[in-house]
Amino acid sequence: MHDLRLLRERPGELREALRRRGMLDTTGPEVDRAEALERQRRTCIHAAEEKRAEANALTQEVRRHKQAQLDATGLIERGRVLGAELDRLEEERAATEAAFTALALEFPNITLPDVPAGGETANVVIRSWGTPRPADGLRPHWDIAGPDGLGILDLARGAKVAGSGFVAFRGLGARLVRSLMTLMIDLHTREHGYEEVWIPFVVNRASMTGTAQFPKFEEEQYGIAGDDLFLIPTAEVPVTNLYRDEILDAAALPRGFVTYSPCFRREAGAHGKDTRGLLRLHQFDKVELVRYCAPDESPAQLELMTGHAEAVLQRLGLPYRVVLLAAGDTGFAAAKTYDLEVWAPGVGRWLEVSSCSTCTDFQARRANIRFRPGGAAKPAFAHTLNGSAIAFPRLIAALIEHYQEPGGGVRVPDALRPAMGADRLG
RNA sequence: GGACGGGUGGCCGAGUGGUUGAAGGCACCGGUCUCGAAAACCGGCAUACCGGUGAACCCGGUAUCGUGAGUUCGAAUCUCACCCCGUCCGCCA
């Protein structure tokens, strides 16, 4: 959601933003429609308010007549007529407003100036860490961890109980998941200053709209039959909506929250892509960071938070690179995003394990998350940021592939040994 | 899931159809008093949107008493649905 004034006063800016995302052809005409609707909306408001003022004055007139014990039937009759006209005007206003709002919710956030225009091919590798292990002779993680290997990953039975894209970890595999959760949350709370939260794994429609999954991406979400509730696609949704319709204490900003959650995604339209092993799942686990800050702080906060996510990979000794996403590859609500990609030598690919974004005031407007800047000033929209730190399945894939040994075993990285109580998987 | 009770401004809390955007109190801000403070007293104290020159001040208007719809010339007040909170019952981890 954008400032209405942006659309009214600087529609060119919105068009330019859409061009950089490569969406101008498809979404550009919608801007024209929105502009027209916004003008019509104000005309309607004006007409309806004038009529209502007239009706209100009449009502007072009726009251005075009644008080003075005068006959008011004529006035009441006029009021009836006025009321009918008002109903018609209100109806028109509501319809126009609904059409406008529906449209306004479909425009993506405006990317920051340092985000390159264009699609995926315009992404930029900003930096990298560690030395990627050569892929020669290394096996993919499903091979190592599957039933013919360590037996810690059971894809077949996951598919049996839920369907393709749902997995079961077992034994040390399950313990690895639990250990990763502990490692990451401890790191972010103890060393990066995040407050740990535990949140609902289902959310209502208002929350989904607040963080901009709705209305545009409703078909991507799992709904709960019989209730207007949805499985979360990321903890970003419940954690960011924690402060929906609230005014944050400015003295407490910037502030960060860390949480674990499972994430549920229908991945509609992604069938057949990256379907092997742990590369793309309908349910996966993730530790998520969410930060709230004042507008002038958000660029630095993004760098800071990205560093926090990187720290996990460094702790685990896994080579990775940081990619600045081009506008077309940047998520709907985000203004700037860094992806963290970890090297998985078994599949010979860089795997996206984190996405760290600033959403500027885009989500804050939708979710009405504000703070009071300076002492007495009026509340202003906060900026929200979120980043995975880190998503588990691809991390586990990379970890297994990176630490695999010739005999088919997998070494447990030092940082995980206390929680795992083991130095090898299998 | 069932029964009953309740949702009013930053907080507490009046208010069952008409000068109620809403009494009173607390908190907060300004002032008088005081060497200073407290107390006391006086005054102020919601937000959003539309328009008056797209600044400020100000002025006019509209909306907002959980949400939405309805009745009415007129709704915080009456009706219906929904949401949330409390208490009891049922059920369960």
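Chain naming here is simple, since letters A, B, ... match the order of the sequence lines and numbering starts at 1 in each.
Atom pair A:H46:NE2 and B:C49:C1' shows a separation of 13 Å (rounding to whole Å applied). Whole-Å rounding puts the A:D227 CG to B:C84 P distance at 10 Å. Atom CG in A:D245 sits roughly 13 Å away from atom P in B:G10 (whole-Å rounding). The distance between atom CD of A:E97 and atom C1' of B:A48, rounded to the nearest whole Å, is 12 Å. The separation between A:I247 atom CD1 and B:G10 atom P is 9 Å, rounded to whole Å. At whole-Å resolution of the value, CG in A:N368 and P in B:U47 are 14 Å apart.
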- Task: Classify every nucleotide of nucleotides 53-77 of chain B by which part a protein heavy atom approaches to under 4.0 Å, writing B for the base, S for the sugar-phosphate alone and - for neither, in 5'-to-3' order.
- Result: --------BBS---------BS---
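With RNA chain B read from its 5' end, the first of the two nearest nucleotides for A:R41 and A:Q60 is the one closest to A:Q60. Mapping A:R370 and A:I45 onto RNA chain B by nearest heavy atom places A:R370 closer to the 5' end of the strand.
The side-chain hydrogen bond (donor to acceptor under 3.5 Å, both in side chains) test applied to A:T26 returns no partner, not counting sequence neighbours. A:T234 pairs by the side-chain hydrogen bond (donor to acceptor under 3.5 Å, both in side chains) definition with A:K286, not counting sequence neighbours. Residues meeting the salt bridge (charged side-chain N to carboxylate O under 4.0 Å, His left out) test with A:E35, sequence neighbours left out: A:R15.
Side-chain contact check for A:R170 versus A:R157: some heavy-atom pair is nearer than 4.5 Å.
Within the structure, salt bridge (charged side-chain N to carboxylate O under 4.0 Å, His left out) contacts touching residues 213-223 of chain A (residues at least two apart or in different chains) are A:R205-A:E218. The salt bridge (charged side-chain N to carboxylate O under 4.0 Å, His left out) contacts involving residues 300-311 of chain A comprise A:R127-A:E310, A:E303-A:K336, where partners must be two or more places apart or lie in separate chains. Applying the salt bridge (charged side-chain N to carboxylate O under 4.0 Å, His left out) rule to pairs touching residues 179-198 of chain A yields A:D186-A:R190, A:E191-A:R315, A:E195-A:R255, sequence neighbours excluded.
With C1' as the reference atom, B:U20 and B:A75 are 11 Å apart, rounded to whole Å. Taking the P atoms as reference points, B:G21 lies 11 Å from B:U64, given to the whole Å. B:U19 and B:U77 are spaced 13 Å apart, taking the P atom of each and rounding to whole Å.
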Quick one: side chains of residues 141-149 of chain A, donor-acceptor pairs under 3.5 Å with protein atoms, not counting sequence neighbours, listed by atom name and distance.
residue : atom : partner : partner atom : Å
A:H141  : ND1  : A:E401  : OE2          : 2.8
A:H141  : NE2  : A:L278  : N            : 2.9

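Annotated stems with RNA chain B as a participant read B:1-7 with B:83-89, B:10-12 with B:24-26, B:28-32 with B:40-44, B:46-52 with B:58-64, B:66-70 with B:78-82, given as range with range, by first number; only runs of 3 or more Watson-Crick or G-U pairs under 3.5 Å qualify.
Using the six-membered ring where Trp is involved, A:H192 and A:H308 have ring planes that are parallel, under 30° apart on the 30 and 60° scheme.
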